[in-house]
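Both ligands and their constituent atoms are indexed starting at 1 by order of listing. Starting from 1, each residue takes its place in the sequence as its number.
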Amino acid sequence: MEKFLIRGGAPLEGEIAAGGAKNSALPALAACLLTAEPVTLRRIPRVRDVRTMERLLEHAGAAVEHGEAGVVRVRAEALGTPEAPYDLVKTMRASSLVLGPLLARAGRARVSLPGGCAIGARPINLHIQGLEQLGARIEQTHGYIEATAPDGLRGGPVHFDRITVTGTEDLLMAAVLARGETVLDNAAREPEVSDLAALLIRMGARIQGAGTSTIRIQGVERLAGADHTIIADRIEAGTFLIAGAITGGDLIVGGCQPEHLAALAAGLRQAGCDIREAAPDSLHVRRLGRLRAIDVTTAEYPGFATDLQAQYMALMTQAEGISFVTETIFENRFMHAPELMRMGANIRIEGRQAIVAGPTALSGAQVIASDLRASASLVLAALVARGETIVDRVYHIDRGYERIEEKLSRVGAQIRRVD
Ligand code: EPU
């Protein structure tokens with residue numbers, strides 16, 4: 001199994017760039033199932049979850065071609081098997097994103113239930129309830145969701161009891177081909193939802209209000225092909241900002257949309273960093289003296305992203321004072337804390353709150369990544385630890401970061417991948 005060997009201590013300096021957003025690429029690829037015409041997607045990151053989604057599309061009968069860097073062309077002329085098998089779904093929960101488009105286009109879909117997950121139960125009941133509101137008949141048998149809509153889906157009101165990102169995206173993709181109007185209420189406002197809506201609109205969908213909590217969709221009979229460039233990965237960019245801050249470096253993080261990083265930038269500023277726009281698509285981070293402990297509570301967008309919580313916790317191990325890191329989105333997203341403690345961090349977990357006392361001198365150790373963002377936090381901690389850290393199970397980080405070790409090496413990190 002591949003590992004990272006990291007030698008800590010070097011401040012990161014120079015320019016580093018985020019790629020296209022994994023969490024935009026996944027729904028964008030799923031949306032290609034909605035039309036028989038070719039769709040060209042640009043700035044698609046070469047990460048493992050994207051490959052899994054491409055395999056799901058191929059399994060359903062779509063042709064997937066790779067062009068020049070980051071370009072993917074999908075043509076779903078006819079859907080042979082509107083199905084997402086367990087073997088693929090079990091490696092990526094976002095596979096449920098094909099449920100809405102398969103049902104809307106083929107009138108039926110068979111999608112494996114995802115099962116457990118390292119960061120919490122993550123059920124998809126809200127996707128199912130929403131699709132039922134649009135007239136789908138849904139049964140669960142043999143670990144699969146079997147959905148049918150023999151006469152097509154019909155628009156209607158859908159209220160989400162809690163905010164769900166992929167649930168909103170799934171329903172958006174189902175509603176664009178449903179008869180009549182759908183109103184999604186308490187919808188997710190994440191930039192990735194708006195990006196998906198932008199792609200669907202290019203394909204001929206009629207959508208208003210994406211980016212707000214009420215999205216109105218007028219169903220159309222068919223969608224056409226399109227050419228779309230997905231947004232920058234705010235979580236990758238945020239991870240790099242924290243890398244600059246934790247190493248006391250001077251880093252320009254390019255390829256990002258600063259407005260998508262406002263909550264993190266506010267936290268970093270309060271913690272003692274200078275963050276400013278270096279260009280419309282880049283942020284410059286520098287640490288001004290010592291770091292201060294600042295509390296954060298994760299929340300839906302535009303709040304502090306749960307996908308940056310683990311990385312922020314690594315930073316707080318280096319800050320003076322006590323910080324409370326509260327996780328409100330997932331019930332079990334502190335798996336990185338015991339690993340950080342093995343490196344010398346002083347963290348106490350009380351329910352949904354992690355209490356971090358700092359600063360502590362971290363020392364290199366052998367640690368195991370449990371999920372994608374937890375691995376990123378261990379890499380960040382290793383960048384400031386004394387001596388060498390071995391981060392095991394790097395495949396987790398490869399799910400969402402494209403060659404992170406190459407990007408970090410170019411700005412001065414001592415990190416390499418070994419077998
Ligand atoms: N939830 C339900 N029922 C549902 C759906 C969600 O109870 O039917 C709960 C979840 O268990 C969770 C909360 O609602 O407690 C929010 O989950 P959400 O559905 O918003 O998460 P998701 O759509 O499965 C996406 C991202 C995650 C990110 C979350 C929250 C994608 C592909 N994934 O997941 O990204 O953490 O939103 O922002 O967009 C990552 O990239 O590392 C990652 C985990």
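Side-chain N/O atoms of His66 and Glu54 include a donor and acceptor closer than 3.5 Å. The closest side-chain donor-acceptor pair between Thr328 and Arg352, if any, does not fall under 3.5 angstrom.
For the residues Val165, Leu126, Asp307, the heavy atom positioned nearest atom 43 (C) of ligand 1 is part of Asp307. Which of Glu192, Arg162, Glu327 comes nearest to atom 14 (O) of ligand 1 through a heavy atom is settled by distance: it is Arg162. With Ala25, Ala21, Gly400, Pro123 as candidates, the residue nearest to atom 7 (O) of ligand 1 on a non-hydrogen basis is Pro123. For atom 2 (C) of ligand 1, the nearest non-hydrogen atom from the set Thr164, Asn125, Ile163 comes from Asn125.
The shortest N or O to N or O distance between Glu169 and ligand 1 is not under 3.5 Å.
Of the candidates Arg43, Arg42, Arg202, Arg202 is the only one forming a side-chain hydrogen bond (donor to acceptor under 3.5 Å, both in side chains) with His228. Residue Glu181 is tested with Arg216, Arg206, Arg154 for a salt bridge (Lys or Arg N to Asp or Glu O under 4.0 Å); the sole match is Arg216.
Distances from ligand 1 to the non-hydrogen atoms of Lys22 include at least one value under 4.0 Å. Distances from ligand 1 to the non-hydrogen atoms of Met53 include no value under 4.0 Å.
Both the backbone and the side chain of Ile329 come within contact range of ligand 1, each with a heavy atom under 4.0 Å. The part of Leu372 lying near ligand 1 is the side chain, judged by heavy-atom distances below 4.0 Å. Looking at Arg399 against ligand 1, nothing comes within 4.0 Å, counting heavy atoms.
Between Tyr312 and Phe304, a ring centre-to-centre spacing shorter than 6.0 Å is recorded.
Listed by number with element, the atoms of ligand 1 under 4.0 angstrom from any heavy atom of Thr166 are 22 (P), 23 (O), 24 (O), 31 (C), 32 (C), 39 (O). Counting atoms of ligand 1 from 1 in the listed order, those under 4.0 Å from a heavy atom of His127 are 8 (O). In the vicinity of Ala94, heavy-atom distances shorter than 4.0 Å reach the ligand 1 atoms 32 (C). Close approach of ligand 1 to Thr306 (heavy-atom distance below 4.0 Å) involves ligand atoms 30 (C), 36 (O), 38 (O). Which parts of ligand 1 touch Ile124 is read off a 4.0 Å heavy-atom cut-off, strictly below it: atoms 4 (C), 8 (O).
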CA sep, side-chain torsions, deciding dist, call: Arg416, Glu405, side chain to side chain contact (heavy atoms under 4.5 Å, CB included): CA-CA 6 Å; Arg416 64 196 171 90; Glu405 76 280 19; over 6 Å; no
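Proximity of Phe334 to Gln309: side-chain heavy atoms (C-beta onward) are separated by under 4.5 Å at one or more points. Within the 4.5 Å cutoff, the side chain of Asp195 has no heavy atoms near those of the Leu199 side chain. At a threshold of 4.5 Å between non-hydrogen side-chain atoms, the residues Val47 and Tyr401 do not count as touching.
Cation-pi geometry between Arg189 and Tyr301 is not met: the NZ or CZ atom fails to fall both under 6.0 Å from the ring centre and inside 45° of the normal.
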